[in-house]
Structure formats: C-alpha cells, structure tokens
Trainee: 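To start, I am sharing the structure in question, which I have written as structure tokens.
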Amino acid sequence: MSDSDPDSNTDRVALAFSGGLDTTVCVPLLEEEYGYDEVVGVTVDVGQPAEEFAEAEATAEALDLEHHVVDATEEFADLCFEAVRANASYQGYPLGTALARPVIAAAILEVAETHRCTGLAHGCTGKGNDQLRFEAVWRDSDMEVIAPVRELGLTRGFEQEYAAERDLPVSGGDEGNCSIDTNLWSRSIEGSELEEPGHVPGEGIYEWTAAPGEETLEIEVGFENGYPVSLDGTAMEPVELTEELNELAGAYGVGRSDIMEDRMLGLKVRENYEHPAATVLLNAHEALEDLVLTREERAFKKRVDHEWSEKGYQGLVEAPLMRALEAFIEETQTRVTGAVTVRLEGGQARPVGRSSEHAVYSAEASSFDTEDVTGDIEQADATGVAKYHGFQERLADATDRK
Ligand code: ARG
C-alpha cells in the first residue's frame, strides 16, 4: 500500500476494487475517460475467501495502484444477525450480496474521505442491483459518483480485449465463467449457462455445500433476544458462529437455492446460491418465534419481516422505515430467548425441537390426555364458541337457497 502525497490539485477517485476484470479495467478508464490523476483501490472484507484478497493485492500491485483493505466483517455479521431477527429472505434468497453492499459502500466512502478523494467509482453494470445499492449510499455525499462500465456501455468482450491490449493483469480465476459473489452470508452464482432457466446445474457450481447424502446430524442453536449466540452450548460471536455453521451444515448439503429472482429494475435473473449458516439460523430462529410469539404477533411479524426483506434487498438498510420496522422487531424479540435443535439431513436444516422459558404454550392445556384446559376452563366451555363459529356463513348459505 503506497499512499503518495498528492498536492491539493491532484484529483483522486476511490474505486470499489476486487481485482476482477470489471474493476481492473476501470483503473485506466478512470484516468483516461474521466480525467482523474490517481485511482485509489478499496477492497472491503465482508468475509470473502482469502484468495480474493490475494488476487486483489496482486492485481493492485501489478497496476501500481494505491490499495486499501478495510475489515468490515464484524459489522456485516451484525447486520446479518439483524436479518435473522427479521427472518429475512427475498424470493428465497437470504440477501448475502444485498446486505453486504451498503456496508462496503460506507467503508469505501470513509476511505475516500480520509484519503482526499473527490470521486467514488464502482464496476457494476447497468443491469444489476449493486449499482443502486452502492449509489444509494454514495449519493448521500458530495463526491462525484462514477460507474464506468454502465456509463461507457462496456461488455465483457470489450473488457477482455481492452485488458489484453493494455496488458492489464487479469487472471483467469473465473470459475467456469460464472459470476461469483462470496461473503460470510452467502455465495451467489450467476451467469454463463445458468442464464438458461431450464439448464440443470451440475455439482461443479457448488463450493460451500456437498451433495446431500444419507448422514444426519443434530445441532443446537441458542438464541438471546432473537440473536443467535451459541452452538451446542458454546457461546460464539456472529462471525465465528456463521463460519462454523457454513462448514458444518454445508457438509450436509444444507442451504442451496435455485431461484428466478426479480431484480429491482424488473429484469428477471436465474440465481443460484449457497448459504448453509443462513438457512440453519433462519429456520431455527423462526421455530423459536413459533413457540414464544402469539398468533397475532406471528401473523403481523410476517408482514414486518417482508418489508424488512424488501428494503434489505434494495440495500436501503438505513431507511427510516427500517428503523421503524426494527422497533417492532426489537419489541417482539425480547421473548425470543431459548434453544432450537436442528437436524441436518438430506440438504435440509429441519427444526426438530425447541425450548424457551417464554413459551406461550402449556402442554397441560393443549394436551389430548387431560380433561380440562385450565382450572376454570373446561372442554365444555368451547360449546358456545362452536355454536357461533360460521354464523355468517350459515346466513349466507340460507340467502343463497332462497
Ligand atoms: N442477484 C443477487 C443480488 O442482487 C446477487 C448478485 C450476485 N452477483 C454475482 N456476481 N453473482 O443480490
């Protein structure tokens, strides 16, 4: 990392930098097409595999790019655990890429500010969601926002040619040409032959999950106020717990999804995801809520969770609506303390036991084996309710028959 000492006339732009083709091509383009004197590459750690940092470092060095790496893993993990409290998923996708973007964008903005940049750039295309998520954060600053790939209408073919012409350091590392986005919460796989919705993906696209087999394993996840806090009785911090569960549940093939996803712009895309830890934690959390929340809370929270997920997908995690939804969620989570046993089997993470001191449940009251409900409510008391039930339907039926 070399932070040269530019004079105040030097125009510097901070670039969201991964070392992949898009962002590598952006480096010379920001100088040539946008007139910046210096590009500052910023890579934000949200739990990508180590090779990605090695690739970013190596590419930055070869480009002689000033490069900063910022660790936002814990902050990202905390946001993922807020997502657990909101049972968050969008069309079956637990939002790994989506939730990481505002965290990454904020970290880059901070680097840009401390390193005298006046512009911010990303390598996202004009077709996806990430451009919107990044810019929603950046456009709340005075910086110039630049999206070279979108603005110059670049295609992958053009980028490859341009990189070859200029001898830019782009390594293959493209995993069968699919576009991969990995962080602590999920691994997103799209593009190439997966773009054909009828194409059945081979095992080769999966890296976090083994093909589901016959073996099973029971694990216990502990929750406090809706936050996952332990695994099999051992207290763990969010990053550690998530990493551990990705390994553990991934081995049982848990957390694969293959969906048709409606992007914000309206384009549909075929997406494949791997998210073992997210699946375990989301399933376990909901199972515990089922035990401790009242029927009305469960029903209403589904609507709140849905709205949280929509905003999460949009990357608008700081929206006023989010604060309001989270106030409701916070109130409900005061009782979501307890433990859930989850069985990992055949690619599923199935809750098979739950316990909490806040259970809104009385075995004695509900049991088929006891005569009365409580001391002063007996079975026969339901007769009045049974007489009323369906009253309007019977009236409607009578008028139909007239
Ligand atoms: N469609 C997902 C989203 O917008 C994930 C995109 C992941 N990107 C990738 N290169 N695979 O959140």
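In each ligand, atom 1 is the first atom listed, and ligand 1 is the first ligand listed.
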Trainee: Have a look at ligand 1 and work out which part of Arg263, if any, has a heavy atom under 4.0 Å from it: side chain, backbone, both or neither.
Mentor: neither

Trainee: Hey, which atoms in ligand 1 end up nearer than 4.0 Å to a heavy atom of Glu261?
Mentor: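 Answer, ordered by atom number: 1 (N), 2 (C), 3 (C), 4 (O).
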
Trainee: If you have a sec, work out which protein heavy atom is nearest atom 6 (C) of ligand 1 and how many Å separate them, to one decimal?
Mentor: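 Here the nearest protein heavy atom works out to Glu271 OE2, 3.6 Å.
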
Trainee: What atoms in ligand 1 come closer than 4.0 Å to a heavy atom of Ser188?
Mentor: 5 (C), 7 (C), 11 (N)

Trainee: Report the C-alpha distance between Tyr273 and Ile189 in whole Å, list the side-chain angles of each, state the deciding distance to 0.1 Å, and finish with yes or no for side-chain contact (heavy atoms from CB on, under 4.5 Å).
Mentor: CA-CA 6 Å; Tyr273 295 104; Ile189 316 149; over 6 Å; no

Trainee: So, 4.0 Å and heavy atoms of Arg133: is ligand 1 close enough to count as a contact?
Mentor: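 Contact check Arg133 vs ligand 1: positive.
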
Trainee: So is Arg354 actually on top of Phe223's ring, under 6.0 Å and inside 45° of the axis?
Mentor: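 No, Arg354 and Phe223 do not form such a contact.
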
Trainee: Has Arg256 got its NZ or CZ under 6.0 Å from the middle of the six-membered ring of Tyr206, at an angle within 45 degrees of the ring axis?
Mentor: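 That pair qualifies as a cation-pi contact.
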
Trainee: Run the numbers for me: atoms of ligand 1, each under 4.0 Å from some heavy atom of Tyr273, listed by number.
Mentor: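 Counting from 1, the qualifying ligand atoms are 1 (N), 2 (C), 5 (C).
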
Trainee: Among side-chain atoms of Gln333 and His285, is any donor-acceptor pair under 3.5 angstrom?
Mentor: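 Yes - a donor-acceptor pair under 3.5 Å links their side chains.
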
Trainee: Whether the side chain of Asp22 engages the backbone of Cys124 through a donor-acceptor N/O pair (distance < 3.5 Å, no angle test) should be reported.
Mentor: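 Absent.
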
Trainee: Give a yes/no verdict on whether any heavy atom in Tyr93 is under 4.0 Å from an atom of ligand 1.
Mentor: yes

Trainee: Take a 6.0 Å sphere around CD of Glu220 and say whether it holds more than 12 heavy atoms from other residues, nucleotides or ligands.
Mentor: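 Atom CD in Glu220 is crowded, with more than 12 foreign heavy atoms closer than 6.0 Å.
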
Trainee: Near Ser179, which atoms of ligand 1 are under 4.0 Å from a heavy atom of that residue?
Mentor: 9 (C), 10 (N), 11 (N)

Trainee: Identify the residue among Val239, Ile104, Asp45, Leu99 that makes a side-chain contact (heavy atoms from CB on, under 4.5 Å) with Phe76.
Mentor: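 Of the listed options, the one satisfying the test is Leu99.
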
Trainee: Does Thr97 reach ligand 1 with a nitrogen or oxygen that is under 3.5 Å from one of the ligand's nitrogen or oxygen atoms?
Mentor: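 N/O-N/O distance under 3.5 Å: no.
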
Trainee: Do Tyr34 and Glu144 get their side chains close enough for a donor-acceptor pair, meaning under 3.5 Å?
Mentor: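 Their side chains do not contain a donor-acceptor pair, so the 3.5 Å distance test is not met.
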
Trainee: Looking only at heavy atoms, is any part of Asn129 under 4.0 Å from ligand 1, and if so is it the side chain, the backbone, or both, or is it neither?
Mentor: side chain

Trainee: Which residue and atom name correspond to the protein heavy atom nearest atom 8 (N) of ligand 1, and how close is it?
Mentor: Glu190 OE2, 3.4 Å

